[in-house]
Amino acid sequence: MTVAERDVNDDTIILGIETSCDETAAAVLRGPTSVLSSVVSSQVDLHARFGGVVPEVASRAHVELLTPVIAESLVEAGVDRGGFDAVAATYGPGLVGSLLIGLSAAKALALVHGVAFVGVNHLEAHLYAALIEEPEVEMPVVVLLVSGGHTLLALMNGPGDYRLLGSTLDDAAGEAFDKVARFLGLGYPGGPAIDHAAMQGDPEAIPFPRAMADEGYDFSFSGLKTAVVNHVRKHPEVDTRDVAASFQQAVVDVLVLKARRAAQAYHARGLCLAGGVAANSQLREATLDVCVGEGLRALLPGRSYCTDNAAMVASAGWHRLRSDGPSPLSLAAEPGLSLPDGT
Ligand code: KG4
Ligand code: ZN
């Protein structure tokens, strides 16, 4: 009996596959939050010498890594080949060549083993990441998703029920970290390098702009990046650690200001961080401060669930399967997929 023919429930075993960017990942979950295994193979070292993700290099690496990563996730979970009820894979947004590899593998596995296939929106998966660790959280929750490719603020009322409040008009927050770090000669990926340098710098040394601070829930970071470049060119003697700290403070101030405003406006019970930038120490500290001040539950997932992983894909897949049933095997990769508004 396949999952399509019976209820999706807490015993449903789901294999998740994630290949949208530069992490090759597979995970096995029982139900929406019980993680039996979660294997992530990062390609960060492969891309470091190029200073960013090279799509062709990423696709080739996914081809090499995906099968062993899936095999490892099944062994670690103690699940036989075919011992799963469904296969979930990210179908967008992301790099098309990378998405196709995970998607094709998932469809083939579903077909061979006669189980359901379900396509997952990567952004939706990030929203579920925090709930894996804290499934009993009270809704609604404001989610700030900040990664190398995305920056968005969403209101989550429950699984599959969310509303996009705002997003970036230009660079993603992580992209701004990466570009500024490259300009300052701090290396790739830039976020952790700036985070580290900022610990020894003065966040108030340079008054960088807080773009769109008074306007709605959208973000803009390209002006801030230009301000950093202009300041360093004008003051070549400036201490890089002060630049890093002041830049980071400007990013964090705007992110947290808008998240707090959204939490107040929508009477949220909690505030949740997601995406790679959620690992930033200053952002975590500022989010905790806001939560204490506003009486909100702070949902700060561990680093392994902030960055791209397949556990969140399997979790989102479980919910999608329950609400909409399986996806057709003809489902195409959608590199520009956005977060659906509502269910
Ligand atoms: O979610 P993620 O692993 O991949 C995607 O972009 O989908 O996020 C990677 C991004 C990079 O831009 C990286 O510089 C940033 O997250 N990042 C950080 C930190 N750690 C990773 N940004 C700021 N502070 C950090 N500690
Ligand atoms: Zn991501």
Side-chain angles (χ1 to χ4, degrees), residues 16-25 38 40-45 47-48 50-53 55 58 62 89-95 98-99 102 120-130 143-152 154 167-168 171-184 186-199 201 203 221 224-225 244-245 247-256 273-287 300-313 315-316 335 337-339:
I17 295 177
E18 159 62 36
T19 61
S20 65
C21 191
D22 61 340
E23 326 280 354
T24 313
S38 179
V40 180
S41 175
S42 173
Q43 304 174 8
V44 72
D45 294 343
H47 300 283
F50 301 107
V53 178
H62 285 307
T90 303
Y91 74 103
L95 302 168
S98 294
L99 289 168
V120 167
N121 180 320
H122 181 83
L123 301 175
E124 184 172 286
H126 269 301
L127 300 189
Y128 285 108
V143 186
L144 178 64
L145 167 55
V146 272
S147 71
H150 312 283
T151 297
L152 55 87
S167 53
T168 181
D171 291 349
E175 196 180 352
F177 270 93
D178 292 337
K179 285 178 176 172
V180 166
R182 191 182 327 170
F183 172 73
L184 296 175
L186 293 175
Y188 173 87
I194 289 197
D195 199 345
H196 188 250
M199 284 173 190
F221 295 109
L224 172 58
K225 180 193 63 196
F247 159 79
Q248 178 174 276
Q249 190 66 54
V251 175
V252 168
D253 278 356
V254 180
L255 292 174
V256 170
L273 294 183
V277 183
N280 184 268
S281 34
Q282 177 64 26
L283 178 59
R284 293 176 86 88
E285 208 179 299
T287 302
L300 308 180
R303 195 176 151 69
S304 56
Y305 291 134
C306 288
T307 52
D308 288 350
N309 65 88
M312 68 182 192
V313 173
S315 180
L337 191 67
S338 52
L339 187 71

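Counting starts at 1 for both ligands and their atoms, following the listed order.
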Answer yes or no: does an N/O atom from Asp178 fall short of 3.5 Å to an N/O atom of ligand 1? yes
Say you draw a straight line from CG of Asn309 to OG of Ser42; how long is it, rounded to the nearest 0.5 Å? 12.5 Å
Do the ring planes of Phe247 and Phe177 sit parallel (below 30°), tilted (30 to 60°) or perpendicular (above 60°)? perpendicular
Name whichever N, O or S atom of His126 ends up nearest to the Zn ion (ligand 2). NE2
Could you tell me whether a side-chain N or O of Ser315 sits under 3.5 Å from a main-chain N or O of Ala311, the two making a donor and an acceptor? no
Verify, without hydrogens or angle tests, whether Thr90 (side chain) and Ser20 (backbone) share a donor-acceptor contact under 3.5 angstrom. no
I'd like to know if the Zn ion (ligand 2) has an N/O/S atom from Cys21 within less than 2.8 Å of it, counting both backbone and side-chain atoms. no
Please identify which atoms of ligand 1 are closer than 4.0 Å to at least one heavy atom of Ala279. 26 (N)
Checking heavy atoms under 4.0 Å, the part of Cys21 that sits near ligand 1 is neither
Please confirm whether Asp308 comes within less than 3.5 Å of ligand 1 when only nitrogen or oxygen atoms on both sides are compared. yes
Asn121 side-chain N/O to Ser338 backbone N/O, donor-acceptor pair under 3.5 Å: yes
Is the shortest N/O to N/O distance between Gly275 and ligand 1 below 3.5 Å? no
Considering heavy atoms of the protein only, find what lies nearest to atom 22 (N) of ligand 1 and give residue, atom and distance to 0.1 Å. Gly191 CA, 3.2 Å
Indicate yes or no for a side-chain donor-acceptor contact from His122 to the backbone of Glu18 under 3.5 Å, with no hydrogens or angles considered. no
Honestly, for Arg303 the part within reach of ligand 1 (heavy atoms, under 4.0 Å) is side chain
With heavy atoms under 4.0 Å as the rule, classify the contact between Asp195 and ligand 1 as side chain, backbone, both or neither. side chain
Return yes if some donor-acceptor pair links the side-chain N/O of Asp178 with the main-chain N/O of Gly190 below 3.5 Å, else return no. yes
side-chain contact (heavy atoms from CB on, under 4.5 Å) partner of Val277, chosen from Thr307, Leu283, Val252: Leu283
Which is the closest N/O/S atom of Asp308 when seen from the Zn ion (ligand 2)? OD1
among protein heavy atoms, the one nearest atom 15 (C) of ligand 1 is Val277 CG2, 3.9 Å
Suppose we measure from atom 8 (O) of ligand 1 to each protein heavy atom; which comes out shortest, and what is that distance? Gly276 CA, 3.3 Å
Specify the protein heavy atom at minimum distance from atom 24 (N) of ligand 1: its residue, its atom name, and the distance to 0.1 Å. Asn280 ND2, 3.0 Å
Donor-acceptor contact below 3.5 Å, side chain Asp195 vs main chain Ser281: yes
Is the Zn ion (ligand 2) less than 2.8 Å from at least one N/O/S atom of His150? no
Side chain Glu175, main chain Ala172, donor-acceptor under 3.5 Å: yes
In ligand 1, which numbered atoms sit nearer than 4.0 Å to a non-hydrogen atom of Gly149? 6 (O)
Ignoring angles and geometry beyond distance, decide whether His122 reaches within less than 3.5 Å of ligand 1 through its nitrogen or oxygen atoms. no
For the Zn ion (ligand 2), the nearest N/O/S atom on His122 is atom NE2
Less than 3.5 Å between some nitrogen or oxygen of Phe177 and one of ligand 1, yes or no? no
Look at the side chain of Thr151 and the backbone N and O of Ser147, then say whether any donor-acceptor pair between them is shorter than 3.5 Å. no
So does Ser98 get a backbone contact from the side chain of Thr19, meaning a donor-acceptor N/O pair under 3.5 Å? yes
Under 4.0 Å from a heavy atom of Gly174: which atoms of ligand 1 are those, numbered in the order shown and with their elements? 12 (O)
Restricting to non-hydrogen atoms, name the atom on Leu99 and the atom on Pro335 that form the minimum distance, rounded to 0.1 Å. CD1-CA, 4.0 Å
Return the closest protein heavy atom for atom 9 (C) of ligand 1 as residue, atom name and distance. Gly148 N, 3.8 Å
